Each structure stands twice: as structure tokens, then as C-alpha cells.
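The structure appears below as C-alpha cells.
Everything numeric in this text was worked out from a predicted model, so none of it was measured. Naming convention: chains lettered A, B, ... in sequence-line order (proteins, then strands); numbering from 1 in each chain.
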There are 2 protein chains.
Amino acid sequence: MIRRLSQARERGIPEATVARLPLYLRALNGMAERGLATVSSEDLAVAAGVNSAKLRKDLSHLGSYGTRGVGYDVEYLVYQISRELGLTQDWAVAIVGVGNLGRALANYGGFVSRGFRVAALLDADPEVVGDHIAGLNVEHIDELEAVIRRRGVSIVVLATPAAAAQQVAERVIAVGVTSILNFAPVVLAVPEGVDIRKVDLSIELQILAFHEQRKTDRMTGGPAMAEEWPEAVDL
Amino acid sequence: MIRRLSQARERGIPEATVARLPLYLRALNGMAERGLATVSSEDLAVAAGVNSAKLRKDLSHLGSYGTRGVGYDVEYLVYQISRELGLTQDWAVAIVGVGNLGRALANYGGFVSRGFRVAALLDADPEVVGDHIAGLNVEHIDELEAVIRRRGVSIVVLATPAAAAQQVAERVIAVGVTSILNFAPVVLAVPEGVDIRKVDLSIELQILAFHEQRKTDRMTGGPAMAEEWPEAVDL
DNA sequence: GTCCCTTTGTGAACCGATGCACAAAGTGAG
DNA sequence: CTCACTTTGTGCATCGGTTCACAAAGGGAC
Ligand SMILES: NC(=O)c1ccc[n+]([C@@H]2O[C@H](COP(=O)([O-])OP(=O)(O)OC[C@H]3O[C@@H](n4cnc5c(N)ncnc54)[C@H](O)[C@@H]3O)[C@@H](O)[C@H]2O)c1
Ligand SMILES: NC(=O)c1ccc[n+]([C@@H]2O[C@H](COP(=O)([O-])OP(=O)(O)OC[C@H]3O[C@@H](n4cnc5c(N)ncnc54)[C@H](O)[C@@H]3O)[C@@H](O)[C@H]2O)c1
């Protein structure tokens with residue numbers, strides 16, 4: 001039983017690797033545009049901002065697509081990563097909540113660039129419903145289930161206020177959607193098998209603030225040991 | 001030498017913990033609003049969508065703020081986490097690039113909610129400069145250095161096109177900014193000591209697509225072993 | 001063909017993060 | 001005061017991910 005070759009590709013690519021593949025893909029596309037035919041793991045790693053050993057291990061999970069002494073064929077690797085990520089097919093995306101953020105997303109070009117097609121915009125506000133944005137008609141949230149089914153939507157982007165997000169999520173899950181990108185600042189409770197990814201601006205800023213504080217603390221000599229425990233800070 | 005108490009807080013909170021503190025904080029704020037006085041690690045963990053052992057270990061890195069047999073005092077914990085994250089001070093944020101996304105961010109309320117204040121909007125387009133958005137005047141990118149200094153900006157949000165991001169980053173770093181939140185789809189090259197966090201819609205969608213593909217593959221019986229290696233897919 | 005040079009693919013050590021499971025600490029009833 | 005009960009804080013095993021470092025593979029010169 002020779003499983004050597006497919007062994008790596010067999011059963012699951014590490015999550016950390018999956019998260020980096022889009023990065024490699026972007027770097028490779030840039031190189032393809034500049035006419036590069038092959039690239040070494042070292043060069044690609046630099047372009048993607050990772051260490052070359054990590055890059056090679058990541059790629060090895062897809063298969064053995066490099067040539068020792070030469071590197072990787074740019075076009076071929078683009079194709080393999082695209083296929084692995086599922087970008088060779090077309091994904092219909094619905095954006096629910098067409099406010100400030102939803103509008104920006106709908107108008108975003110980089111969306112379509114790679115296999116993703118905004119297939120529907122939905123909102124609850126009668127003022128917004130009927131608007132034409134980025135060539136699409138904003139439909140009423142009551143139509144949610146029908147629209148998802150009719151357009152074959154498989155990925156939903158949630159850009160509603162936090163209060164509405166859970167409820168909308170439940171509805172789209174009920175129609176069979178299992179991939180959600182959530183911009184609302186809430187923890188969504190979803191059944192097993194549904195993938196949620198969240199983008200949370202506020203959390204990112206708080207993480208930056210934490211490190212920023214550490215940096216400036218260090219400058220000013222850090223908090224004096226005595227002060228650090230102000231002893232019963234009453235609230 | 002009694003270091004027991006401060007020992008945990010000594011030297012660095014794990015990065016993974018820092019990333020979850022904002023989540024706990026949000027859950028705690030909700031509880032405080034609903035009038036809860038204390039909360040057990042179990043309840044808080046559920047609200048934040050994590051496992052309770054992890055929550056307790058995370059909190060133990062800040063200090064020993066719970067009461068065995070009772071739980072955590074909600075108000076006190078809010079205070080401690082806020083302090084740790086640096087949210088007790090006010091952070092001036094500048095948004096560079098006031099297009100679709102920059103506008104949405106500028107108008108975003110949840111921004112201000114926690115210590116973050118949008119102190120400046122900057123753009124290169126003469127059409128946009130001078131616009132009034134969310135009570136702020138959009139200033140010209142030429143003023144970047146002056147504005148950052150004058151307003152005491154310590155966190156910069158990059159919402160320019162990808163092509164401009166690196167150049168803008170270099171300029172703000174040169175004036176002393178060391179915390180950047182980047183929305184442009186590029187890997188920024190920055191010197192040691194500068195913290196970059198990136199938000200990349202396209203990457204999130206690609207990760208979702210990967211898992212979605214796996215799920216549907218499974219449904220349809222998965223790719224047949226024979227097909228899996230189409231043997232020399234020529235490009 | 002042989003030899004040298006480059007670069008891949010991966011075994012193995014390491015490191016940080018997770019989650020179990022329990023002793024220690026505290027509450028409250030009687 | 002004692003006892004039963006609750007819940008924290010953490011030691012420890014485990015796991016996934018990172019990095020090093022090198023043998024194996026391939027290319028090209030001659
Ligand atoms: N604007 C930003 O930069 C930003 C940044 C980070 C996070 N967010 C989050 O993204 C979400 C949207 O932000 P925004 O600034 O666009 O808010 P917004 O108020 O401008 O837009 C929300 C839209 O959702 C619609 N809506 C409300 N309930 C709905 C429902 N049940 N079904 C469908 N649509 C519904 C509203 O009619 C409105 O058009 C919020 O949760 C916000 O916290 C926004
Ligand atoms: N719109 C989205 O939903 C979205 C989503 C994900 C990522 N992004 C990324 O965010 C960035 C902004 O997206 P957008 O849709 O707002 O684009 P946009 O073109 O609407 O806005 C970009 C703005 O940046 C300004 N700008 C250009 N060069 C500049 C410079 N050197 N200095 C200062 N300002 C400059 C432009 O004048 C314009 O106003 C892009 O990199 C995009 O890829 C956008």
C-alpha cells in the first residue's frame with residue numbers, strides 16, 4: 001500500500017496552514033503578473049511575510065509541488081492553492097444589513113476578484129429596501145430564505161446591528177447555510193457543523209491598545225511596584 | 001520574598017489571552033447592564049463562547065480576582081480588564097483613506113464606545129479633502145505628520161488602496177506611531193517594535209470557502225481516489 | 001556519465017496553548 | 001464551630017504549531 005504521495009493531502013490540512021494559503025496565493029498572483037515563472041520558498045516566504053521553513057511545510061500539506069534545486073512553478077502553484085481553497089468554483093455571497101458597513105462591502109471590488117460574487121443584499125429598513133447598490137437591488141429581509149435558495153447562496157456576510165445578528169444567523173442556518181462571516185460584535189451561538197468567522201474592529205483596537213500601553217509603560221520606567229496594587233480600588 | 005500574588009501578573013500575559021480579554025469585557029458589560037453583581041467562570045465562559053477552564057486560566061494571568069465559592073465581582077472585573085487592556089486611558093486614532101471603508105469606520109459608533117476617539121481623517125484625493133464626516137474635517141495627506149503630532153495620535157487605521165499602504169505606513173512610523181490596524185490587502189514590512197494587525201475580508205472568505213468545499217465534498221462522497229490526482233494537470 | 005550547487009521536503013526538538021481534574025479556599029446553614 | 005457545598009486557581013498531560021537542520025532530489029556544467 002503506497003500512501004506516501006497522497007498521505008500528506010489525506011485528511012485535513014492544519015487550520016493554521018489554511019489561514020496562510022490565501023496569503024501565499026496573493027503573493028503568487030503578484031509574481032505571476034510580474035512574469036516570474038518559478039519562485040523559491042525563500043522568496044515566496046519573504047513576499048508573504050513568513051519564515052521559509054513554515055512555507056515549505058505548509059505547501060507540503062497540499063502535495064509535493066516543488067522541484068528541488070529550482071523552486072515552485074508560479075502558475076502551477078497558483079492553480080493548486082486555488083483548487084485547494086475552493087476558488088476554482090464560484091461562490092454566491094449574500095450581505096445582510098446594508099448600512100454603513102454593508103454598503104462598503106457591497107462596493108468592494110476585491111470581493112469579486114476571487115471566485116466570490118455578491119448575489120444578494122438584504123435589509124430590514126423599508127428606506128433601504130429597493131435601493132440600487134453596486135448594481136444590485138436591496139431586498140427585504142422577509143425574502144431572506146427565498147433569496148438564499150433561489151440564488152444558491154452558500155456564504156452569508158452579517159453586517160446588521162449586534163441585536164439582530166443572532167436571529168438572522170438562525171434563519172440562514174435553517175435554510176442550510178453553514179458558512180457565516182460576522183461583523184456584528186456578538187458571540188453567535190450556532191450548531192455543530194456551522195463555520196463562523198468574525199471580524200471585530202473593536203477587538204483589534206483593544207489588542208493594539210494593550211501593546212501600546214505596554215510599550216509606553218516601559219518607556220516611563222513601568223509602573224512602580226508599589227503602585228501596581230493600589231490596595232482595594234473601590235468601585 | 002513573597003511573589004505569590006504578583007507572580008502571575010509579572011512579565012507578560014499570553015497573546016492568546018490578550019486576544020480574548022475584549023471578549024470577556026464585552027460579555028461583562030452586558031451583565032453589568034443587566035444588573036448582575038457577580039458571575040461564575042462557568043456563566044461568563046458561556047457568554048463569551050469559551051471553555052470555563054480557559055477563562056479561569058486567562059483571568060488568573062491578571063491576578064486573583066475571584067472569590068471561591070462565589071465567582072467574580074462583575075464591576076471589579078470590568079475595571080481590572082479595562083485597566084489591563086489600557087482602556088482607562090483615551091486613545092486618539094487617525095483613519096487614513098476615507099473611501100467606502102474609511103467612511104464606514106468613521107461613522108461607526110462602537111469605535112468611540114471604548115476609549116477610542118477618532119481624532120483625524122486623512123485622504124489624498126482633493127475631492128474628498130474638506131468633506132465633513134462624522135463631525136470631522138477630512139485633511140490632506142500632506143498634513144499627515146503634523147496632524148499626528150498635533151493630535152497625539154497613537155493608533156493609525158489604514159484604509160487606503162493596497163498600493164498606498166506601505167508608503168503611508170512608513171510615514172506614520174517615522175513620526176513615532178507603533179500601532180497600526182491595516183485593512184489593505186498587503187503584507188506591510190515594518191521595523192521591529194511596530195505592531196501591525198490586519199483585517200482582511202478576502203482571506204476570511206477564502207477560509208470559509210475552503211471549509212465549505214470540504215463539507216460539500218463530503219456530502220457527495222468526496223473526490224474519488226482516482227480523480228484526486230488528475231496526473232499532470234497542465235497549465 | 002560524474003560532480004557540484006541549489007533548494008525541497010520532513011524528522012525531531014521545542015514552545016505556547018488547551019483542557020482535565022482536583023486541592024484549596026471560601027460561603028452559608030445549623 | 002462544624003459540615004456540606006460551591007467555585008476558584010493551577011499542576012499536569014496533551015496537542016497543534018513553529019523552527020531548526022539536514023538528507024534526498026534535481027539541475028547544469030563539463
Ligand atoms: N461601520 C463599521 O465600520 C463597523 C465596524 C465594525 C463593526 N461594525 C458592526 O457591523 C454592523 C453594521 O454596522 P453599520 O455601521 O453598517 O451599522 P448600520 O446601522 O449603518 O447598518 C445596519 C443595517 O442593518 C439593517 N438591519 C437592522 N436589523 C436588521 C435585520 N433584522 N435584518 C436585516 N437588516 C437589518 C439596518 O436597517 C441597517 O441598514 C454592526 O453590528 C456594527 O457593530 C461596523
Ligand atoms: N470596502 C471594503 O469593504 C473593503 C473590504 C476589505 C478591504 N478593503 C480594503 O480597504 C482599502 C480601502 O477600501 P475602499 O473600498 O474604501 O477603497 P476606496 O477606493 O473607496 O477608498 C480609498 C481611499 O483612499 C484614498 N487614498 C488613496 N491613496 C491615498 C494615499 N496615498 N494617502 C491617503 N489616502 C489615499 C483615496 O482617495 C480613497 O478615498 C482597500 O485597500 C481595500 O482593498 C476594503
Side-chain angles (χ1 to χ4, degrees), chain A residues 2-21 23-24 28 31 36-74 76-77 80-81 84 207, chain B residues 2-21 23-24 28 31 36-74 76-77 80-81 84 207 211 232:
Chain A
I2 302 167
R3 317 182 49 243
R4 295 289 313 145
L5 256 185
S6 54
Q7 177 221 39
R9 241 191 119 279
E10 207 66 68
R11 278 316 76 200
I13 293 167
E15 196 52 39
T17 295
V18 173
R20 281 187 297 264
L21 290 179
L23 229 53
Y24 304 153
L28 285 164
M31 289 167 172
L36 254 333
T38 63
V39 65
S40 70
S41 63
E42 184 56 38
D43 290 353
L44 182 51
V46 169
V50 303
N51 137 341
S52 73
K54 181 148 63 182
L55 174 89
R56 286 198 299 278
K57 186 149 285 187
D58 282 344
L59 294 185
S60 79
H61 287 119
L62 309 192
S64 196
Y65 296 144
T67 306
R68 292 168 192 233
V70 176
Y72 301 87
D73 181 291
V74 174
Y76 187 56
L77 198 50
Q80 290 298 344
I81 295 181
E84 194 62 55
I207 296 172
Chain B
I2 302 169
R3 319 183 45 244
R4 296 289 314 144
L5 257 185
S6 53
Q7 177 219 40
R9 244 192 119 276
E10 206 65 69
R11 279 313 76 199
I13 292 167
E15 195 53 39
T17 295
V18 173
R20 282 186 295 266
L21 290 179
L23 229 54
Y24 304 152
L28 284 164
M31 289 168 173
L36 253 335
T38 64
V39 65
S40 70
S41 62
E42 184 57 36
D43 291 353
L44 182 52
V46 168
V50 303
N51 139 338
S52 72
K54 182 148 63 183
L55 174 91
R56 287 199 298 278
K57 187 153 286 186
D58 282 344
L59 293 184
S60 79
H61 286 118
L62 310 192
S64 196
Y65 296 143
T67 308
R68 293 171 192 229
V70 177
Y72 301 87
D73 181 291
V74 173
Y76 188 57
L77 198 50
Q80 290 299 343
I81 295 180
E84 194 62 54
I207 296 172
H211 293 296

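- Residue A:R20 places at least one side-chain N or O closer than 4.0 Å to OP1 or OP2 of D:dT18.
- Taking 4.5 Å as the limit, every side-chain heavy atom of A:E42 sits out of range of all side-chain heavy atoms of A:R56.
- In this structure, B:Y76 has its ring center closer than 6.0 angstrom to the ring center of B:Y65.
- Taking atom CG of A:D58 as the reference point, atom P of D:dT18 lies 7 Å away to the nearest angstrom.
- The distance between atom CD of A:Q80 and atom C1' of C:dG9, rounded to the nearest whole Å, is 16 Å.
- OP1 and OP2 of C:dG26 both lie 4.0 Å or more from every side-chain N or O belonging to B:T67.
- Residue side chain B:K57 reaches the base of C:dG19 through a donor-acceptor N/O pair under 3.5 Å, judged by distance alone.
- Atom pair A:K54:NZ and C:dG16:P shows a separation of 14 Å (rounding to whole Å applied).
- Between A:K54 and A:N51, the closest side-chain pair of non-hydrogen atoms falls below 4.5 Å.
- Rounded to whole Å, the distance from OH on B:Y72 to P on C:dG26 is 13 Å.
- Projected onto DNA chain D by closest heavy-atom contact, A:P14 and A:V70 fall at different nucleotides, the more 5' of which corresponds to A:P14.
- The nearest whole Å value for the distance from the CG atom in A:L62 to the P atom in C:dT10 is 12 Å.
- Between B:I81 and B:L62, the closest heavy-atom pair is CG1-CD1, 3.9 Å.
- You'll find that the side chain of A:S64 is closest to C:dG9, out of D:dG9, C:dG9, D:dG17.
- For the pair A:R68 CZ and C:dT8 C1', the computed distance is 5 Å after rounding to whole Å.
- Between the C1' atom of C:dT8 and the CG atom of A:L77 lies a distance of 13 Å, rounded to the nearest Å.
- B:A53 comes within contact range of at least one nucleobase, with a heavy-atom separation under 4.0 Å.
- Residues A:S40 and B:T17 both approach DNA chain C. Their nearest nucleotides, taken by heavy-atom distance, put A:S40 toward the 5′ side.
- For the pair A:H61 NE2 and C:dT8 P, the interatomic distance rounds to 16 Å; values are reported in whole Å.
- Mapping B:G66 and A:N51 onto DNA chain D via the closest heavy atom, the residue that lands nearer the 5' end is B:G66.
- Screening A:V18, A:T17, A:V50 against A:D58 for a side chain to side chain contact (heavy atoms under 4.5 Å, CB included) leaves a single residue, A:T17.
- Dashed line: the shortest gap from a side-chain N or O of A:S41 to OP1 or OP2 of C:dT7 is not under 4.0 Å.
- Within the nucleic acid shown, B:E42 has no heavy atom closer than 4.0 Å to any nucleic acid atom.
- Closest to the side chain of A:S60, out of C:dG9, C:dT18, C:dA21, is C:dG9.
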